[in-house]
Amino acid sequence: MKKVIFILSTIALTLFTQTTTAQKSQDIVDIAVSVDDFSTLVTALKAADLVGALKGDGPFTVFAPVNSGFAKIDANTLNSLLKPENKEKLSAILTYHVVAGKLAASDVAAALEKGNGKAELTTLNGGKITAVSKDGGIFLMDANGNYSKIAKTDVMASNGVIHIIEDVVMP
């Protein structure tokens, strides 16, 4: 009986180690592609020709909107942004969701504490986005004063971290 338990434990540990290693070896794009709720984000990344950049070494912190966040954008506007002639505009919006460096939730929380509930972040497009502690959660406030709740934090990738947000933020 002890042998059976030992063998099962060894198999479970081996599978856990392989799964953990596989997750750590996935980059930001690999993770986004594997999550159904990021399908609109992946489509937009392809249209803006940003897949290669986000597969780079990084590290990056990506505030990734879910499909329902993109659905809040007028369908005509979203379809227009996905057209090749609007690649630059789409790229500016998407890089507004990315910060250089790896900011885990604990880093954001520390910055919020230091900033009395606010922390200004510089995005890859050169804009500013503000993390704000309010209503028992952490939100991103965009340049227009609109908020997006951070729904899930610390999805670790080989080249950074993803924090899942409920809305698309705009520069």
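Just so it is clear, the structure is predicted and the values come from calculations on it, not from any experiment. FYI, the numbering just counts along the sequence from 1.
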Task: 4.5 Å side-chain heavy-atom contact, D49 and S91 - done: no
Task: Same apolar cluster (I L V M F W Y, side chains within < 4.5 Å links), L82/V42 - done: yes
Open item on the list: With a 6.0 Å cut-off (strictly less than), is the heavy-atom count around CG of D74, excluding the residue itself, greater than 12?
Closed with: yes
- [ ] Kindly give the heavy-atom pair with the smallest separation between A48 and L94, and that separation in Å.
- [x] CB-CD1, 3.8 Å
Open item on the list: With a 6.0 Å cut-off (strictly less than), is the heavy-atom count around CG of D57, excluding the residue itself, greater than 12?
Closed with: no
Task: Exceeds 12 heavy-atom contacts within 6.0 angstrom, atom CD of E88 - done: no
Open item on the list: I'd like to know if the side chain of N159 reaches the main chain of G56, judged simply by a donor and an acceptor atom lying under 3.5 Å from each other, with no hydrogens or angles considered.
Closed with: yes
Task: same_hphob_cluster(I162, I165) at 4.5 Å side-chain heavy-atom cutoff - done: no
- [ ] Check whether any side-chain heavy atom of H163 lies under 4.5 Å from a side-chain heavy atom of V155, and answer yes or no.
- [x] no
Task: Shortest non-hydrogen separation from G160 to P59 and the atoms involved - done: CA-CB, 4.4 Å
Task: Side-chain donor or acceptor of T122 paired with backbone N/O of G126 under 3.5 Å - done: no
TODO: Compare every heavy atom of K149 with every heavy atom of D167, then report the nearest pair and how far apart it is.
DONE: OD2-N, 4.4 Å
Open item on the list: Under the side-chain contact (heavy atoms from CB on, under 4.5 Å) test against L45, which residue among L90, V62, V51 passes?
Closed with: V51
TODO: Answer yes or no: does atom NZ of K118 have more than 12 heavy-atom neighbours from other residues, nucleotides or ligands under 6.0 Å?
DONE: no
Task: Shared hydrophobic cluster, L140 / L41 (ILVMFWY, side-chain heavy atoms < 4.5 Å) - done: no
- [ ] Specify the closest pair of heavy atoms between M156 and A104, including all atoms of both residues, with the distance to one decimal.
- [x] CE-CB, 4.1 Å
Task: Side-chain (D154) to main-chain (A105) donor-acceptor, under 3.5 angstrom - done: yes
Task: For L112 against A119, the heavy-atom pair lying closest together - done: CD2-N, 3.8 Å
Task: T61 side chain near V98 side chain, heavy-atom distance below 4.5 Å - done: no
Open item on the list: Let me confirm one number: the CD-OG distance from Q26 to S158, rounded to the nearest 0.5 Å.
Closed with: 8.5 Å
Open item on the list: Under a plain distance cut-off of 3.5 Å, with no hydrogens placed, do T40 and N67 share a side-chain donor-acceptor pair?
Closed with: yes
- [ ] Look up atom CZ in F139 and atom CD1 in I129, then write down how far apart they are to the nearest 0.5 Å.
- [x] 13.0 Å
Task: Co-membership, hydrophobic cluster, residues L50 and V99, 4.5 Å side-chain - done: no
Task: Between N86 and S80: side-chain donor-acceptor atoms closer than 3.5 Å - done: yes
Open item on the list: Contact between V66 and V35 at the side-chain level, heavy atoms closer than 4.5 Å - yes or no?
Closed with: no
Task: Spacing of CD belonging to E120 relative to CE belonging to M141, to within rounding of 0.5 Å - done: 8.5 Å
TODO: Could you check N146 against V169 for side chain to side chain contact (heavy atoms under 4.5 Å, CB included), going step by step and ending with a plain yes or no?
DONE: CA-CA 7 Å; N146 298 311; V169 289; over 6 Å; no
Open item on the list: Quick one, F60 with L124, criterion side chain to side chain contact (heavy atoms under 4.5 Å, CB included). Give me CA distance, side-chain angles, the key distance, then yes/no.
Closed with: CA-CA 9 Å; F60 304 107; L124 285 188; 4.2 Å; yes
- [ ] Taking D135 for its side chain and G137 for its backbone only, find out whether a donor-acceptor pair lies under 3.5 Å.
- [x] no
Open item on the list: Any heavy-atom pair between the side chains of V168 and H97 that's under 4.5 Å?
Closed with: yes
Open item on the list: So which atom in E166 and which in K72 form the shortest heavy-atom distance, rounded to 0.1 Å?
Closed with: O-NZ, 3.8 Å
Open item on the list: Starting from V108, can I reach L121 by hopping between I/L/V/M/F/W/Y residues whose side chains sit under 4.5 Å apart?
Closed with: yes
Task: Close side-chain approach of T95 to T123, heavy-atom, < 4.5 Å - done: no
- [ ] State, with a plain yes or no, whether a side-chain heavy atom of F63 is found less than 4.5 Å away from one of I150.
- [x] yes
Task: Residue pair D142 / S148, side-chain donor-acceptor N/O under 3.5 Å - done: no
- [ ] Establish, for the pair K134 and Y147, whether the NZ or CZ atom is under 6.0 angstrom from the six-membered ring centre and no further than 45 degrees off its axis.
- [x] yes
Open item on the list: Using side chain to side chain contact (heavy atoms under 4.5 Å, CB included), reason through I138 and V132 one step at a time and then give a plain yes or no.
Closed with: CA-CA 6 Å; I138 299 176; V132 179; over 6 Å; no
TODO: Answer yes when K55 and D30 have at least one side-chain N-carboxylate O distance shorter than 4.0 Å, and no when they do not.
DONE: yes
TODO: Check for a donor-acceptor pair, side chain of Y96 on one end and backbone N or O of K128 on the other, with a separation under 3.5 Å.
DONE: yes
